[in-house]
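Values in this document were obtained by computation on a predicted structure and should not be read as measured data.
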2 protein chains.
Amino acid sequence: MEKQATIKDIARTLKISTSTVSRALRDTHDVKQETRKAVMELAEQLNYQPNQLALHLLKKQTHTIGVIVPNLDFVISTMVKGIDEVALEAGYTVMVCQSNESYGREIVNTKRLMDSLVDGFIVSLSCDTMLVDHIKKIQDKNKPMVLFDRVTSALNAPKVILDNEEAGFLATQHLIEQGYKRIAILSGPKKLELSNNRMEGYLKALKQNNIKVDKDLIVYCDFNQDYAYFATKELLAMKRRPDAIFAIADKMAIGAMLAIKEKKLNMPNDIGLVGMNNDPSTRLVTPTISTVEMPAFELGKTAAKMFIEMMHSDKDMNDEQIVLRPKLIIRESSLKIVGSK
Amino acid sequence: MEKQATIKDIARTLKISTSTVSRALRDTHDVKQETRKAVMELAEQLNYQPNQLALHLLKKQTHTIGVIVPNLDFVISTMVKGIDEVALEAGYTVMVCQSNESYGREIVNTKRLMDSLVDGFIVSLSCDTMLVDHIKKIQDKNKPMVLFDRVTSALNAPKVILDNEEAGFLATQHLIEQGYKRIAILSGPKKLELSNNRMEGYLKALKQNNIKVDKDLIVYCDFNQDYAYFATKELLAMKRRPDAIFAIADKMAIGAMLAIKEKKLNMPNDIGLVGMNNDPSTRLVTPTISTVEMPAFELGKTAAKMFIEMMHSDKDMNDEQIVLRPKLIIRESSLKIVGSK
DNA sequence: AAAATTGCCGGTAACGATTCCGGTAACGCT
DNA sequence: AGCGTTACCGGAATCGTTACCGGCAATTTT
């Protein structure tokens with residue numbers, strides 16, 4: 001309707017200076033009770049709201065956090081919820097930008113947000129990201145930044161991640177305990193450290209159980225259902241096909257499941273399957289799919305807390321790294337020996 | 001590393017005024033080629049980026065759209081992607097805030113964004129929202145706003161929605177054609193117009209086929225899986241239980257499915273089921289669930305386009321309403337008569 | 001009674017950029 | 001020579017707010 005009232009309007013009608021109004025509105029010091037009251041009342045009446053834009057310029061901060069995520073699937077949007085919660089509490093607003101797993105898009109988004117719009121970043125890398133110069137630019141401009149979930153050792157920054165090696169180990173060890181011998185892994189893009197780490201866990205479990213690694217059982221695959229479906233079809237067409245599959249993300253496990261069903265193979269008897277992330281759909285499908293839970297909400301909260309701490313302290317936190325623990329969830333797709341844990 | 005260079009820095013080192021620098025940087029008019037070149041080169045060298053904060057204050061706009069959504073499930077995040085795409089194209093950045101289906105949270109988010117942070121809003125209401133005063137405040141401040149998906153007639157604003165009555169009609173008509181007689185509806189909260197509209201479609205289909213409405217078959221239910229699960233259990237425990245269920249959202253259809261499976265009833269023979277939204281999980285479960293597709297991405301894009309138009313034009317668009325058409329997707333859960341369309 | 005303290009307030013600069021207005025110098029024309 | 005035009009540039013205001021400094025009057029201290 002009408003224009004937003006400013007501090008000047010109050011000053012003018014009350015015939016006092018803007019500085020006094022400003023002080024009355026917050027200081028409480030150096031202002032007569034009477035004046036203060038008058039100012040407060042008029043402010044109320046005019047529905048005065050301080051102009052944040054002016055404050056941003058003055059204080060050189062916006063109390064806004066830029067959150068860059070590869071997409072907004074169930075797990076990531078849960079993380080974002082965690083970030084949101086902590087940020088709101090601390091008085092920050094969150095800007096979420098999806099890079100759609102695209103390197104170029106990630107760069108554009110970063111640039112957009114960087115130009116004085118946000119105070120800092122909380123970032124999870126896209127699959128597609130190979131160079132991290134655009135992220136380094138953030139650090140060059142001295143803006144605090146925390147990496148979470150999909151991180152890279154190419155960047156010296158505080159990180160919040162899952163113990164991915166442990167996750168890979170848990171899943172594989174479980175399959176071994178269930179008596180599976182030829183365990184394939186549907187891994188993610190090699191660029192993604194997270195997928196390499198999960199694979200290391202896989203390899204570690206094999207080694208601990210004296211199982212020889214078969215390179216043919218290691219498949220690198222895009223982080224999506226369709227790709228995993230086709231990759232699994234190929235795996236199942238092998239002469240000596242695997243008798244279990246560990247997919248490093250539930251999306252891929254779903255793709256694998258579809259391929260397995262198409263081949264009329266029975267889970268868990270003919271073939272075992274374990275995914276990762278505890279996506280809700282893994283509980284819904286038949287058979288239900290075993291998975292490794294990642295504490296997504298907690299991870300988001302932790303990342304945001306770290307960011308806030310970084311904002312408020314001056315010490316160098318680039319070496320800090322918080323590692324959360326995964327949890328194995330056993331369901332029908334891999335539970336061959338009933339009664340075993 | 002070092003401070004961001006400003007226009008003053010350029011002016012000082014070149015010993016010219018800031019106004020000249022400013023003009024050199026964009027006007028191209030009224031500035032000597034030589035000076036202009038020097039400015040450009042120095043700007044490049046110092047990696048000068050205009051301070052957006054200052055511009056925002058001056059121009060009184062931020063080129064930012066506040067998007068308020070109840071949550072970020074699959075459908076909504078698809079809509080957000082659509083918004084994002086159009087907004088980015090038009091030079092706008094998007095701030096997404098989840099209200100978590102909470103009225104209070106919605107108010108807080110709106111307030112946060114309103115205080116000069118965003119140029120306008122694209123809003124989908126939370127389930128919980130009954131009063132819309134906080135939204136009216138947006139309009140009072142003359143900020144453009146577009147409602148989408150979950151709208152309310154209590155607000156006079158441009159709207160982009162699905163034809164929900166048609167959706168309800170399509171689903172119900174399909175069940176009738178498949179021979180189901182006692183068709184129950186799992187509807188949403190009464191506050192939500194969208195759920196009422198879907199119900200109207202349901203009623204219309206019954207009427208057109210001369211089926212008497214049985215009030216016991218109409219269940220109002222929260223927009224989530226658990227609630228639907230319990231509601232369905234009650235429905236199935238009735239003396240004359242329904243032989244089909246139309247759930248007005250796939251989340252609820254999943255809940256219904258779980259209850260049906262628990263009772264060892266067979267879909268589609270013992271009971272039919274149709275959901276709505278075409279959530280990916282409806283394709284994954286056994287049996288696959290029929291659903292009504294909503295063009296979520298398109299809907300998001302349309303809302304954003306409308307917003308941009310509203311920003312750029314002065315005419316009153318509050319009466320505009322764009323209605324997108326739903327599409328029935330028939331799957332196993334309701335396909336009794338094979339070969340029928 | 002003079003000095004110091006306190007309470008209260010206003011003026012001004014600053015944040016970084018744009019824009020309007022006015023001014024100066026050079027040049028051309030009559 | 002005088003005037004008008006053009007090309008180029010600088011000053012100042014502006015956006016809304018806060019912070020610093022200084023000033024004045026009233027009150028207290030010495």
Taking the nucleotide of DNA chain D with the closest heavy atom to each, which residue, B/Leu58 or B/Lys15, is nearer the 5' end? B/Lys15
Only one of A/Val67, A/Thr110, A/Ile135 passes side chain to side chain contact (heavy atoms under 4.5 Å, CB included) with A/Val123; say which it is. A/Ile135
Does CD in B/Gln321 sit with more than 12 non-hydrogen atoms of other residues, nucleotides or ligands closer than 6.0 Å? yes
Do the side-chain N or O atoms of B/Lys60 get closer than 4.0 angstrom to the phosphate oxygens (OP1, OP2) of D/dT14? no
Rounded to whole Å, please give me the gap between CD1 in B/Ile10 and C1' in C/dG16. 12 Å
Nearest whole angstrom, please: distance from the P of C/dA17 to the CG of A/Leu53. 15 Å
Between C/dC15 (P) and B/Ile7 (CD1): distance, integer Å: 14 Å
Could you state the CZ-C1' distance from B/Arg12 to D/dG10, rounded to the nearest angstrom? 16 Å
Quick check for you: among D/dT18, C/dA17, C/dG10, whose closest atom lies nearest to any side-chain atom of A/Arg26? D/dT18
Could you state the atom-to-atom distance from CG of A/Leu25 to C1' of D/dT17 in whole Å? 11 Å
Could you please name the option among C/dA17, D/dC15, C/dC8 that lies closest to any side-chain atom of A/Asp30? C/dC8
Do any side-chain nitrogens or oxygens of B/Thr20 fall under 4.0 Å of OP1 or OP2 in D/dG10? yes
Nearest-angstrom distance from the residue atom NE2 of A/His56 to P of D/dT18: 12 Å
To check you understand the geometry: which heavy-atom pair defines the closest contact between B/Leu299 and B/Asp149, and what is its length? CD2-N, 4.0 Å
Would you indicate which nucleotide in C/dG11, D/dG10, D/dC8 comes nearest to any side-chain atom of B/Ile16? D/dG10
Interatomic distance where CD belongs to A/Gln4 and P belongs to D/dC15 [whole Å]: 14 Å
If I take atom CG in residue B/Leu57 and atom P in nucleotide D/dT18, what distance separates them, rounded to the nearest angstrom? 13 Å
Would you indicate which nucleotide in D/dG16, C/dC9, C/dG16 comes nearest to any side-chain atom of A/Asn51? D/dG16
Nucleotide nearest A/Lys32 (side chain, heavy atoms from C-beta), chosen from D/dT17, C/dT18, C/dC8: C/dC8
Comparing B/Gln33 with A/Gln49, nearest DNA chain D nucleotide closer to 5' gives the residue B/Gln33
Just to be sure I understand the rule, does B/Glu34 reach a base, reach only the sugar-phosphate, or reach nothing, if contact means heavy atoms closer than 4.0 Å? nothing
Establish, with yes or no, whether the OP1 or OP2 oxygen of C/dG10 is under 4.0 angstrom from a side-chain nitrogen or oxygen of A/Thr18. no
Counting only N and O atoms by type, is there a donor-acceptor contact under 3.5 Å from the side chain of B/Lys59 to the main-chain atoms of B/Ala54? no
Minimal heavy-atom distance between B/Met317 and B/Pro158, with the atoms involved, is O-CB, 3.5 Å
Does the side chain of A/Lys8 get closer than 4.0 angstrom to OP1 or OP2 of D/dT14 through an N or O atom? no
Most 5' of B/Arg23 and B/Leu55 on DNA chain C, judged by nearest nucleotide: B/Leu55
A/Ser19 (side chain) and C/dG11 (base): donor-acceptor pair under 3.5 Å: yes
Between B/Thr62 and B/Leu117 (side chain of the first, backbone of the second, donor and acceptor by atom type, cut-off under 3.5 Å), is there such a pair? yes
